[in-house]
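Residue numbers begin at 1 in each chain, while the letters A, B, ... track the order of the sequences.
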Amino acid sequence: DQQVKQNSPSLSVQEGRISILNCDYTNSMFDYFLWYKKYPAEGPTFLISISSIKDKNEDGRFTVFLNKSAKHLSLHIVPSQPGDSAVYFCAAPLPRSTGNQFYFGTGTSLTVIP
Amino acid sequence: KAGVTQTPRYLIKTRGQQVTLSCSPISGHRSVSWYQQTPGQGLQFLFEYFSETQRNKGNFPGRFSGRQFSNSRSEMNVSTLELGDSALYLCASWAGILSSGANVLTFGAGSRLTVL
């Protein structure tokens, strides 16, 4: 049961341009979302998050947008840099749960071309 | 503050064997969860331990088990290994939901298991 979906396995973008990574979810109870970045041979690292009470959260070059009615979120990276080349996962914790259980998308591999 | 430490980083086993992976969470974190990452499947939740008790469990067969010690270190075990168990096994440390509302898992580098 894939409650968080990333339908684009890969994305290539020219350095300096905008990268847009998309994520859809099916569970309307989700109230918090995260993006993680993963380099080969490393664990995922937290990048940015958003609460469902907001529709946008910005941190430097990274902005996450949330469209609750469409059950869709996106991560914008502007400007894209070669060091941004990695796999990006969106995730959501099971809400109102004792403890933690996070649902992850299948990831989008971003390549930023110099 | 030391991060999440997983050992071993790489290991190769043959079908039918068993394997034990270890994880030390961030100091002070009492929750440890385990995830399996395979190509095309993303990260799949295995289980979560809190204060030595399994608190949540994902949809994996009983061959996958875990435990947590009083110092919060955790181990996961996979018995009777199958080829499909080849994956990156990630351990995550959790501080709980912070007063800011932040709710973040911190991952270790993972243990890469290859089953031949």
Side-chain angles (χ1 to χ4, degrees), chain A residues 1-10 21 23-27 29-54 57 59 64 66 86-109, chain B residues 3-7 9-10 21 23-26 29-60 68 88-112:
Chain A
D1 179 21
Q2 198 71 30
Q3 298 196 35
V4 177
K5 302 176 185 179
Q6 294 175 258
N7 294 319
S8 298
S10 62
L21 295 91
C23 179
D24 297 297
Y25 60 96
T26 58
N27 190 340
M29 301 295 286
F30 286 148
D31 56 10
Y32 190 80
F33 302 89
L34 310 90
W35 284 94
Y36 281 84
K37 175 179 180 180
K38 185 181 184 301
Y39 292 118
E42 295 182 13
T45 56
F46 169 70
L47 190 58
I48 192 170
S49 63
I50 188 167
S51 164
S52 61
I53 62 173
K54 297 184 176 181
N57 188 28
D59 184 1
V64 56
L66 175 61
V87 178
Y88 290 79
F89 293 95
C90 63
L94 187 65
R96 291 185 280 282
S97 166
T98 302
N100 71 78
Q101 178 175 342
F102 284 62
Y103 291 89
F104 285 81
T106 51
T108 296
S109 179
Chain B
V4 181
T5 304
Q6 289 189 246
T7 57
R9 289 292 312 277
Y10 302 91
L21 309 177
C23 171
S24 293
I26 293 170
H29 288 194
R30 293 161 63 191
S31 168
V32 173
S33 47
W34 290 87
Y35 288 80
Q36 180 195 65
Q37 186 196 358
T38 54
Q41 292 296 316
L43 279 71
Q44 304 284 313
F45 174 76
L46 280 155
F47 29 64
E48 183 219 358
Y49 284 87
F50 180 85
S51 292
E52 303 178 64
T53 301
Q54 187 180 88
R55 192 158 62 171
N56 285 297
K57 189 177 190 308
N59 294 325
F60 278 83
Q68 187 180 33
L88 179 67
Y89 290 89
L90 293 160
C91 167
S93 181
W94 188 60
I97 301 174
L98 305 182
S99 56
S100 63
N103 183 4
V104 177
L105 292 174
T106 303
F107 285 92
S111 293
R112 170 73 63 185

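- Using a 4.5 Å heavy-atom cutoff, the side chains of A:Phe102 and B:Val104 are not in contact.
- Contacts of B:Ile97 with chain A are absent, with no heavy-atom separation under 4.5 Å from either backbone or side chain.
- With a 6.0 Å radius and a threshold of 12 heavy atoms from other residues, nucleotides or ligands, B:Lys57 has its NZ atom above the threshold.
- Put simply, the side chain of A:Tyr36 reaches to within 4.5 Å of the side chain of B:Leu105, judged on heavy atoms.
- When each of B:Gln6, B:Gln37, B:Gln44 is checked for heavy-atom pairs under 4.5 Å with chain A, B:Gln37 comes out on top.
- Within the 4.5 angstrom heavy-atom criterion, only side-chain atoms of B:Arg9, from C-beta onward, approach chain A.
- Residue A:Pro9: no heavy atom, backbone or side chain, is found under 4.5 Å from chain B.
- Only the side chain of B:Tyr35 has a heavy atom closer than 4.5 Å to any heavy atom of chain A.
- Neither the backbone nor the side chain of B:Phe50 comes within contact range of chain A; no heavy atom of the residue lies under 4.5 Å from a heavy atom of that chain.
- The minimum heavy-atom distance between B:Gln41 and A:Thr106, with the atom names listed, is C-CG2, 3.9 Å.
- From A:Lys38, atom NZ reaches atom CG of B:Leu43 across 8.5 Å, with rounding to the nearest 0.5 Å.
- Of the two parts of A:Phe89, only the side chain, counted from C-beta on, holds a non-hydrogen atom closer than 4.5 Å to a non-hydrogen atom of chain B.
- Contact of A:Ala91 with chain B is not made at all, since no heavy-atom distance falls under 4.5 Å.
- Note that the CD atom of A:Glu42 and the CG atom of B:Leu90 stand 11.5 Å from one another [nearest 0.5 Å].
- Closest approach of B:Asn103 to A:Leu34, counting heavy atoms only: O-CD2, 3.3 Å.
- For chain A, no part of B:Ala92 is nearby; none of its heavy atoms comes within less than 4.5 Å.
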